[in-house]
Amino acid sequence: KMAAHHFISAVTFTVFAVSVQFAIKTNALDNGVARTPPMGFNSWNHFHCGVSADVLTSVADVLVAKGLDKLGYVFVNTDDCWSELERDGLTGKIVPAKNFPNGMEAVSKYIHSKGLKFGIYGAAGMTTCASRAGGLYHEDLDAKTYAEWEVDYLKYDDCGEVNIQSYAKFMAMRDALNRTGRPIVYSYEPHLTVPIEWPPYVGNLWRTGGDIGAHFSSVTKEIAVVNSWAGVTGVGSWGDADMLEVGNLGLTIPEQRAHFALWCIVKSPLLIGADLTSIAPESLDILMNSELIAVNQDPLGAQAVLVASYPSPTSKHPTKVSRKFDHQNANEKVNVNVKSSSSFSFVTDCEYHDFSDAQKWSFVDNQFKQCQGSSCMCLTLENNNVNVTVQPCSTSNQGPQTWNAPKVNLTVVQISIMADSQKKCLNFDGVSLTVATCQVEPDVCNHTRCANSVLVQQLYYLSVDGQLISSFTDTPIPPIDIQDRSMMDTINALPCNSSDPMQQFFYNEQAGSILSSVDNTSLTSTGDGFAFAAWTQSATQKWDIGPAPDMRFKLQSTPNKCISIYNFSGPGMEFEGCKPSSHDKGHREAENQEFMYNSESKRIVSASTSECCGTKTRPIPEVGLCVTRVVVPSPPPPPPQGLINVPKCIATAANINPPQPPKPPPAVNSQNELQVWAGPLTNNSIVVALFNAYSAASTITAYWSDIGLPNGTSMHVRELVNHTDMGTMSGKLQSTVNSHDVAVFKLTPA
């Protein structure tokens, strides 16, 4: 059972006569699975919506044939696009798409026959990110369906209505999975903006940042984000830095090695995102490094953190920032002043474990009640038919305490009552608990990602533990397509419009320039995004748009990275590794990377939604999506200060012990390019990684004081990338590390 129990046990770390205690989380989510970070395969990074039954069964074959299963890679997980857009009209169940002609149960059976485990994808909204049927309001039905298919792993995304409180909607699926009786690893994407305490009580792993891309800047960004979650993660509850890009085009071999090693030491799940049927031998060797895998799977479950960093010779951050890694306090909480509700009004901050009786409700005879012996208090509509309070329960089965909560304890719902001869819904606006006219979600939220849900004030979830959780949140999340791009003069993929000058570009194939017709500025690469700037003939401004049939859109200087339409449908655009041309493999695997320039209309047209297929030897008609210049003039407002995204629960008393933020990792500048990471392992060992994000080989030093060891301590050192014993060292560990590469060491008492 995924009980919300959270225990701290003291573990003693001993080096000679020195004994240091540090706190390690155990049983943070006590459902018996994912006691070490999950390992396996996920389809999204390489196949996107090209996933199929054949893809997954082929992956299963390769995992066994190459011995990857023996190293721990046992999950074969489909991501989005396995299901139809709509549910079955009679049963309400999710329907497998045509790319799974024999259904998901047949795929599951085949994967299990290989001794592997099967994973599936869903989303906590009306739609998935690719506009397939979502799971909101259908948690129990979907969980039962997954159990019938013998699913072992659920990745649950945050699409559809993204600004509904994550704690409520992801708790609903957690409890639904529990009720099936089948052990299922629960991975979810809450889209939190800062670390917060509650994720370990909801799932086995949660995404800590944004979507990863096959470029080095994305790797460094995601590893910096997951570092901030070090005070939350532990056994059974892992920070997920996203799937691996090892084996995909866009990263060099040293960058792939650094990417894999860093994911191993921070205890991120290791889910391969490449095509294993054609992966390069050098990339496969990286994925099969048994000593790095052993660090990732170390039963202590302690996440390594950034403990020291140094500037490169050309750094814009000239000062070293270093702090000793304090084992004793690495995973403990810190008491700080936190934001609380401005008024109680019978709504308070949710407690996440061992919460008080004031937050425990039952729904009996259409009453929400709390009972102490024979004395019961009920949720009550006041005489003005507006405000809601808590009053002694009456025996009447009609009146101000009679609520309608369909499928309560089964899903997120609107709770309603009859008031003034009208159906009114329980409503929390962040200050007051009232009833108001019941809202209906805009139709757009039923078909695509929606960041402006009108139901955010009227959805509630009664958990199996009795918390009545409001879906109100004070941190609405912008659509993912503009997130992190809000200050850019950038490009999107939008419906072609012949009268829109923002879709007109002058492409000079010989010079490689792409100039906007609006002001003749040049499309310019910013590394992992786009901007418009004066034409300077820079390498970041020279582009290729290849002729049919290989119609790739990429920088001349980085021919292995292509411009892609995010999620195949946009509107966001990004760089990722170029995928094989669709005509090479008989399906349109790379269609979101294929474009054609129309010299007459001056438009760059995408093949992803256009009416052309086959060999692509004929021009693409201007239908579907066109590259469009988009100017966003101002950044979004900064996030609120203090502890944010705190879920709210209806209660009979104010929160006595408000939730606390996790203790942050050592205050080290993650923008410095030369970095030292460290973390404890079992048997009194320590893992140390020297990471070089600079553009040239550099010498990096890890001092004993950085990793919490007394200066005179002798440690046996083994290098884990090349499997080399380094002898005994004391005081410091130093190595010259190549550009965008890593050296990883295991230190054990000598």
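Every value quoted in this text rests on a predicted model; they were computed, and no experiment measured them. Along the sequence shown, residues carry numbers from 1.
- Taking the six-membered ring where the residue is Trp, the centroids of Phe575 and Phe530 are separated by under 6.0 Å.
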Stepwise side chain to side chain contact (heavy atoms under 4.5 Å, CB included) check, Ser670 with Asn227: CA-CA 9 Å; Ser670 62; Asn227 182 59; 5.8 Å; no

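- Not one N or O on the side chain of His215 forms a donor-acceptor pair closer than 3.5 Å with the backbone of Gly213.
- Checked for salt-bridge contact, Asp142 and Arg87 meet the test: a charged N lies under 4.0 Å from a carboxylate O.
- For the pair Ser187/Asp240, a side-chain contact is recorded, criterion being any heavy-atom separation below 4.5 Å from C-beta on.
- Note that Arg603 lies outside the cation-pi zone of Tyr597, set by a 6.0 Å cut-off to the ring centre and a 45° limit from the axis.
- Tyr121 has its ring centre no less than 6.0 Å from the ring centre of Trp82.
- In terms of modelled atom types and a separation under 3.5 Å, the side chain of Ser218 and the main chain of Ala214 share no donor-acceptor contact.
- Two residues are said to be in side-chain contact when any heavy atoms from C-beta on lie closer than 4.5 Å; Phe532 and Ile514 fail this criterion.
- Ring planes of Phe41 and Phe47: perpendicular class, angle over 60° (limits at 30 and 60°).
- A ring-centre distance under 6.0 Å is found for Trp206 and Trp229.
- Taking 4.0 Å as the cut-off between side-chain N and carboxylate O, Asp157 and Arg207 do not count as a salt-bridged pair.
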Side chain to side chain contact (heavy atoms under 4.5 Å, CB included) between Phe553 and Val627, worked out: CA-CA 11 Å; Phe553 187 2; Val627 175; 4.2 Å; yes

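- Counting heavy atoms of neighbouring residues, nucleotides and ligands inside a 6.0 Å radius, atom CD of Glu84 exceeds 12 of them.
- With hydrogens and angles left out, the side-chain atoms of Ser52 and Asp54 include no donor and acceptor closer than 3.5 Å.
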Asn598/Ile604 under side chain to side chain contact (heavy atoms under 4.5 Å, CB included): CA gap, chis, key distance, verdict: CA-CA 6 Å; Asn598 188 319; Ile604 303 170; over 6 Å; no

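- Distance alone, capped at 3.5 Å, is enough to place a donor-acceptor pair between the Ser517 side chain and the Pro501 backbone.
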Residues Ser538, Thr536; criterion side-chain hydrogen bond (donor to acceptor under 3.5 Å, both in side chains); working and verdict: CA-CA 5 Å; Ser538 165; Thr536 62; 4.7 Å; no

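- Taking the side chain as every heavy atom from C-beta outward, Ile469 and Tyr167 approach each other to under 4.5 Å.
- Using a 4.5 Å heavy-atom cutoff, the side chains of Thr628 and Ile491 are not in contact.
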side-chain hydrogen bond (donor to acceptor under 3.5 Å, both in side chains) evaluation trace for Gln541 with Thr524: CA-CA 5 Å; Gln541 296 179 328; Thr524 305; 3.1 Å; yes

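- With hydrogens and angles ignored, the 3.5 Å screen pairs no side-chain donor or acceptor of His259 with any backbone N or O of Leu244.
- Using a 4.0 Å cut-off between charged nitrogen and carboxylate oxygen, Glu189 and Lys155 count as a salt-bridge pair.
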Derivation and outcome, side chain to side chain contact (heavy atoms under 4.5 Å, CB included), residues Gln503 and Arg629: CA-CA 6 Å; Gln503 292 185 351; Arg629 183 177 179 181; over 6 Å; no

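- Counting only N and O atoms by type, the side chains of Gln414 and Gln458 include a donor and acceptor under 3.5 Å apart.
- Defined by atom type and a distance below 3.5 Å, a donor-acceptor pair is missing between the side-chain atoms of Arg132 and Ser83.
- Ring geometry for Tyr188 versus Phe170: interplanar angle of 30 to 60°, hence tilted.
- Side-chain N/O atoms of Asp79 and Asn42 include a donor and acceptor closer than 3.5 Å.
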